Amino acid sequence: MNSKRLFVLVAALASFFVPSVHAQHDSLASIFTNAPGANGRHAAIPRRSSIILIACHGLALGDLSCYGQTNFQTPNLDRLAAEGTRFTDYRAASDELAPAQAALMTGSQAALVPGQATLAARLQQRGYHTGLIGEWTLGSQPWTQGFDEFAGFLSEQEADNYYSDFIWRYAPKSVQDATNRTLKAWNKPEEIYDNTGGRKGKFIPDLLLGAMARFVQANAPDFANHYQPFFLVVNLPAPHTVTPGKDDYPVPTDAPFGGENWPQAAKNRAALVTRLDAGVGRLLEQLKKSGLTNNTAIFLTGAVAPEKFADTNLNFFKVKGEVRGGHADDRRRVPMIAYWPGHVPGGHVSQAPWSAADFAPTAMEIAYAKPAAEYTGVSMLPVLLGQAGTNAPDRLPRQ
């Protein structure tokens, strides 16, 4: 049993996202750089980077100061952009969450069909430890779709409750079976006591954001974890409105914007984005503590086309060129920031057009794996690295 993961497992029980003590399979050993191959020599594959995808439901260009918002600042998200590449012509796949998530996980615009391998499953087969935090709309059992660990919700409707009194968890080998002297998987909802009986003691977006850093802490590809890289998907159910047609952004407090002369909904949304920014800051700090800053690729984006505000007084969230509502293709243009120090040039702004279907082939190439033949998207890795296109067509700005 992996002692490091067991320690974090016990310590994190009260935090509702329990890092798993997953088995290390002998069949995976040959792909790690510290493990000898069949001929006794070390594998030739370089140490592979871990990959984190943070897809925020409802995040728009105008939510981030690095994209032009001037009424408030998002310093940690701006740091990702300042030390990475900020794309100005990236588009979500859909206005609806399920097809948008499917494009990210399948490398195409087609819907996920039963039995189809997700990006997580493909990376899992190549030796990555995989985790999912947040909302999932592509099947009721993400742990059968390539994810070793899961903490979140199994429908968009469940995730709309920012003070839910439960959260689904899947953690293999985490429950002691005294009779058979084995560790069984936890695979059911976990009660959030502070939210029972209508109480609002735990804010779900904060809980999920905190789980990002704990996942990195537990699964750092170090000696204790056999140098196994990880793939983490964070489908944050924020900052979209929880009531369609209403600018409803429930938050514990509107700080630090309580004194602003804005509509209350604007104060709440800005406060929600600020909490997202703080969560990313904690993630960056944990990556630094774990020595993973230069060996983890982070992609932060909006999951779907942003909603149109019910109150036009909230339009100050919009920045130049941003479209909300209507039928224009531009309404799906959302933030995309790629942060991978030592690989992705820092402070770069790219007009290269790409979309959600291009993420899976890009992630596969980061993992030194060939993109699946069924992918219709193309790898953006040459663009990320500042190279001319090789296996992908050169990307030019849309006219």
Side-chain angles (χ1 to χ4, degrees), residues 12-18 54-60 62-65 69 71-78 133-135 151-153 155-169 189-215 234-286 300 302-303 306-307 309-311 313-314 316-317:
L13 278 172
S15 300
F16 303 104
F17 186 78
V18 180
I54 305 173
C56 305
H57 192 165
L59 190 70
D63 290 318
L64 309 182
S65 46
Q69 176 57 246
N71 291 284
F72 57 91
Q73 300 296 308
T74 49
N76 293 299
L77 299 175
D78 291 358
I133 298 171
E135 55 187 339
F153 301 98
S155 73
E156 190 174 348
Q157 292 69 36
E158 287 180 352
D160 278 344
N161 184 358
Y162 283 0
Y163 290 97
S164 173
D165 60 3
F166 75 94
I167 193 168
W168 283 92
R169 277 205 308 106
E190 173 114 8
E191 181 182 84
I192 302 177
Y193 178 76
D194 289 345
N195 290 348
T196 57
R199 292 179 294 177
K200 296 182 177 182
K202 290 282 187 182
F203 188 55
I204 297 300
D206 285 353
L207 191 68
L208 300 177
L209 289 167
M212 292 192 302
R214 291 193 293 276
F215 182 93
V234 182
N235 290 329
L236 189 72
H240 83 297
T241 180
V242 298
T243 307
K246 297 181 180 179
D247 302 315
D248 184 9
Y249 311 103
V251 287
T253 172
D254 61 10
F257 306 106
E260 298 289 347
N261 187 26
W262 303 344
Q264 187 59 49
K267 298 177 185 180
N268 289 358
R269 183 182 176 88
L272 186 52
V273 172
T274 298
R275 299 177 92 93
L276 163 62
D277 183 80
V280 170
R282 293 192 294 273
L283 172 65
L284 293 175
E285 183 62 28
Q286 184 58 57
L300 183 135
E307 303 158 311
F309 294 120
D311 182 355
N313 290 320
L314 272 65
F316 73 79
F317 281 98

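Because only heavy atoms are used, hydrogens play no part in the values below, and waters and symmetry mates are left out as well, while side chains stay in. Note that this is a predicted model, so its numbers are computed, not measured.
- With a 6.0 Å cutoff to the six-membered ring centre and a 45° limit on the axis angle, Arg199 counts as a cation-pi contact of Tyr193.
- At a threshold of 4.5 Å between non-hydrogen side-chain atoms, the residues Phe215 and Val234 do not count as touching.
- Lys267 NZ to Thr253 OG1: the interatomic distance, rounded to the nearest 0.5 Å, is 10.5 Å.
- For the residue pair Pro256 and Thr274, the shortest heavy atom distance occurs at CD-CG2, 4.5 Å.
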Could you tabulate the donor-acceptor pairs under 3.5 Å formed by side-chain atoms of residues 235-243, not counting sequence neighbours?
residue : atom : partner : partner atom : Å
Asn235  : ND2  : Glu135  : O            : 3.1
His240  : NE2  : Asp160  : OD1          : 2.9
Thr241  : OG1  : Thr243  : N            : 3.4
Thr241  : OG1  : Thr243  : O            : 3.2
Thr241  : OG1  : Lys246  : O            : 2.3
Thr241  : OG1  : Asp248  : N            : 2.9
Thr241  : OG1  : Asp248  : O            : 3.2
Thr243  : OG1  : Asp248  : OD2          : 2.8

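- Inter-residue side-chain proximity for Pro205 and Leu276 is flagged as unmet; no heavy-atom pair is nearer than 4.5 Å.
- Scanning all heavy atoms of the two residues, the minimum distance from Ala310 to Gly245 falls at CB-O, 3.4 Å.
- Taking every heavy atom of both residues into account, Arg275 and Leu209 meet most closely at O-CD1, 3.5 Å.
- Side-chain N or O atoms of Asp63 include one that pairs as donor or acceptor with a backbone N or O of Ala60 at under 3.5 Å.
- Interatomic distance, CG of Leu272 versus CG of Asp254, reported as 12.0 Å (0.5 Å rounding).
- Residues Glu260 and Phe72 fail the side-chain proximity criterion, which asks for heavy atoms closer than 4.5 Å.
- Between Phe203 and Tyr162, the ring-plane angle classifies as perpendicular under the 30° and 60° cut-offs.
- Within the 4.5 Å cutoff, the side chain of Phe153 has heavy atoms near those of the Ile204 side chain.
- Glu190 is listed as a side-chain neighbour of Ile167, based on a closest heavy-atom distance under 4.5 Å.
- Nearest approach of Asn195 to Gly201, heavy atoms of both residues: OD1-N, 2.9 Å.
- The CG atom of Leu77 sits 4.5 Å away from the CG atom of Asp277 when rounded to the nearest 0.5 Å.
- Asp78 is linked by a side chain to side chain contact (heavy atoms under 4.5 Å, CB included) to Ser65, Cys66, Gln73, Thr74, counting only residues two or more places apart in sequence or in another chain.
- Between Leu314 and Tyr249, the closest side-chain pair of non-hydrogen atoms falls below 4.5 Å.
- A salt bridge is defined here as a Lys NZ or Arg NE, NH1 or NH2 lying under 4.0 Å from an Asp or Glu carboxylate O, and Asp247 with Arg269 fails to meet this definition.
- With rounding to the nearest 0.5 angstrom, the NZ atom of Lys202 is 6.5 Å from the CG atom of Leu207.
- Judged by distance alone, with hydrogens and angles left aside, the side-chain atoms of Gln69 form no donor-acceptor pair with the main-chain N or O of Leu64 at under 3.5 Å.
- To the nearest 0.5 angstrom, Asn268 atom CG is 11.0 Å from Phe257 atom CZ.
- Pairing each heavy atom of Pro189 with each of Trp168, the nearest pair is CD-CZ3, 3.5 Å.
- In this structure the side chain of Lys200 never reaches within 4.5 angstrom of the side chain of Pro250, judged on heavy atoms.
- Residues Ala270 and Phe317 come closest through the heavy atom pair N-CZ, 4.0 Å.
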